[in-house]
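A short write-up of the structure that comes next.
Here is how names work: the chains are called A, B, and so on, in the same order as the sequence lines, proteins then strands, and each is numbered from 1. Keep in mind the model is a prediction, meaning the values are calculated, not measured.
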Number of protein chains: 2
Amino acid sequence: MPTTGFEFLPTLRELVRTYQAFDAFSSAHIRRLGLTSPQFDVIATLGNTQGMSCRDIGQKTLMVKGTLTGVLDRLEQKGLISRISHPTDGRSTLVRLSPAGEDLFVRVFSAHLTHLEPVFAQLGPGPLETLRQHLELLRHSLEKQSAPPSD
Amino acid sequence: MPTTGFEFLPTLRELVRTYQAFDAFSSAHIRRLGLTSPQFDVIATLGNTQGMSCRDIGQKTLMVKGTLTGVLDRLEQKGLISRISHPTDGRSTLVRLSPAGEDLFVRVFSAHLTHLEPVFAQLGPGPLETLRQHLELLRHSLEKQSAPPSD
DNA sequence: ACTATATTGTACGCATTCGTACTAAATACG
DNA sequence: CGTATTTAGTACGAATGCGTACAATATAGT
């Protein structure tokens, strides 16, 4: 017999609530380290690289370029990154960590993962992997239905 | 033998990516209906009620009160809600849908769920429920580690 | 009754986020 | 060679989102 539809609502709600709980937990720690979440995202992305274009950073962090400009402005103002003109492509800018940014990256990155680790460890290896697989399924289903992004 | 730690990273990344994919998919549809996501959230929360306080709306929508004030301002400006003084508690405000807000709720709410349904249907009932349970586990683990919210 | 405390909502500043428009530079095409 | 299109980044406005401070009201403790 067919059901009423909308049986997915509890799962939808749980996805939203869980993500928001994760985001609150993660952001609170990052903020105590003196950064915002997007700023941490950029620092973590640039860590252990020789610099990247805004386009590459945007693809890694899922920020659109308009958003990225402001985040990079504030990181540059704090002296954590520097913008250099690209050697071969005159349209592009190379963004790298400054020495102070490198220092911060080393201090903060593993500290943050260590902060998160025990939370996920509660699940155990099996459920952790099952959760990842189901999330991946859902994401692929979402991406199949979506229009390609404009960036 | 102990592992290197940080085996949770793929699951963490998948949680973030999947939520962002869901949010993009959902927001795009809501925007086509003339609302923002938080505005839709409030309209959906107030639908089929006789009005709620800002505090109640905040608990349902997971918005802090400072954010809610601005969202309600814009909904009031569009004529979709009205703010009435609370009969018994002078500190509180009763927020209700206006007739136009009721109309919008009826038109938009089920349309949005119908838009989302096929995406989640891809998973099938079993994985859908497993996913919900694992997300719930993770959320409870997060909430155990978090400080209680300031609101 | 009186005072200390807690609760409700608003005001404000800072940072993000997206969409759109714009400039500059590189590439494709005729 | 010259123009059209594409690409990279910035500029700007509207709308969240959070933290803090604040005014008005309610409640608790004495």
Side-chain angles (χ1 to χ4, degrees), chain A residues 16 19-21 23-32 34-42 51-59 61-78 80-81 83-95 146-147 149-151, chain B residues 16 19-20 23-32 34-42 51-59 61-78 80-81 83-95 146-151:
Chain A
V16 173
Y19 175 80
Q20 290 185 340
D23 190 52
F25 182 74
S26 176
S27 303
H29 183 239
I30 302 235
R31 188 170 296 273
R32 286 201 293 279
L35 292 173
T36 65
S37 292
Q39 288 170 8
F40 174 80
D41 232 19
V42 171
M52 301 170 63
S53 68
C54 291
R55 181 175 157 281
D56 294 337
I57 299 174
Q59 284 188 335
T61 63
L62 304 180
M63 277 183 255
V64 296
K65 53 191 181 180
T67 304
L68 193 55
T69 298
V71 176
L72 292 179
D73 285 347
R74 284 175 285 272
L75 285 173
E76 193 173 27
Q77 208 173 357
K78 292 187 189 188
L80 297 175
I81 62 158
R83 287 193 251 219
I84 316 155
S85 65
H86 195 285
T88 66
D89 191 332
R91 299 168 298 182
S92 192
T93 307
L94 211 58
V95 183
S146 298
S150 55
D151 270 348
Chain B
V16 173
Y19 175 79
Q20 290 184 339
D23 190 52
F25 182 73
S26 176
S27 302
H29 183 241
I30 301 237
R31 189 169 295 273
R32 285 201 294 278
L35 291 173
T36 66
S37 291
Q39 288 170 9
F40 174 80
D41 232 19
V42 171
M52 301 170 63
S53 68
C54 291
R55 182 175 155 280
D56 293 337
I57 300 174
Q59 286 189 334
T61 62
L62 304 180
M63 276 184 255
V64 296
K65 52 191 182 180
T67 303
L68 192 55
T69 298
V71 176
L72 293 179
D73 284 347
R74 284 175 284 272
L75 285 174
E76 195 173 25
Q77 208 174 354
K78 292 187 189 186
L80 298 175
I81 63 160
R83 286 192 253 219
I84 316 156
S85 65
H86 194 285
T88 66
D89 192 332
R91 298 168 299 184
S92 193
T93 307
L94 211 58
V95 183
S146 296
S150 55
D151 272 346

* Please work out if A/S85 contacts a base, only the sugar-phosphate, or nothing of the nucleic acid, heavy-atom cut-off 4.0 Å. =>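 Counting heavy atoms under 4.0 Å across all strands, no contact is made by A/S85.
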With sequence neighbours excluded, what pairs up with [X] under the salt bridge (charged side-chain N to carboxylate O under 4.0 Å, His left out) test?
| X | answer |
| --- | --- |
| A/D73 | A/R83 |
| A/D56 | none |
| A/D89 | A/R91 |
| B/R31 | none |

* Any residue meeting side chain to side chain contact (heavy atoms under 4.5 Å, CB included) with B/L94, in chain and number order, not counting sequence neighbours ->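 Partners of B/L94 under the side chain to side chain contact (heavy atoms under 4.5 Å, CB included) test: B/I84, B/H86.
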For the pair made of [atom1] in [X] and [atom2] in [N], what is the distance, rounded to whole Å?
| X | N | atom1 | atom2 | answer |
| --- | --- | --- | --- | --- |
| A/Q20 | D/dC18 | CD | C1' | 13 Å |
| B/I30 | D/dT16 | CD1 | C1' | 14 Å |
| B/D23 | D/dA15 | CG | C1' | 14 Å |

* How long is the gap from CD1 on A/I30 to OG on A/S37, to the nearest 0.5 Å? ->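 Those atoms lie 5.0 Å apart.
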* Encode nucleotides 6-18 of chain C as B, S and - characters from 5' to 3', where the letter depends on protein heavy atoms closer than 4.0 Å: B to the base, S only to sugar-phosphate, - to neither. => -BBBB----SBBB
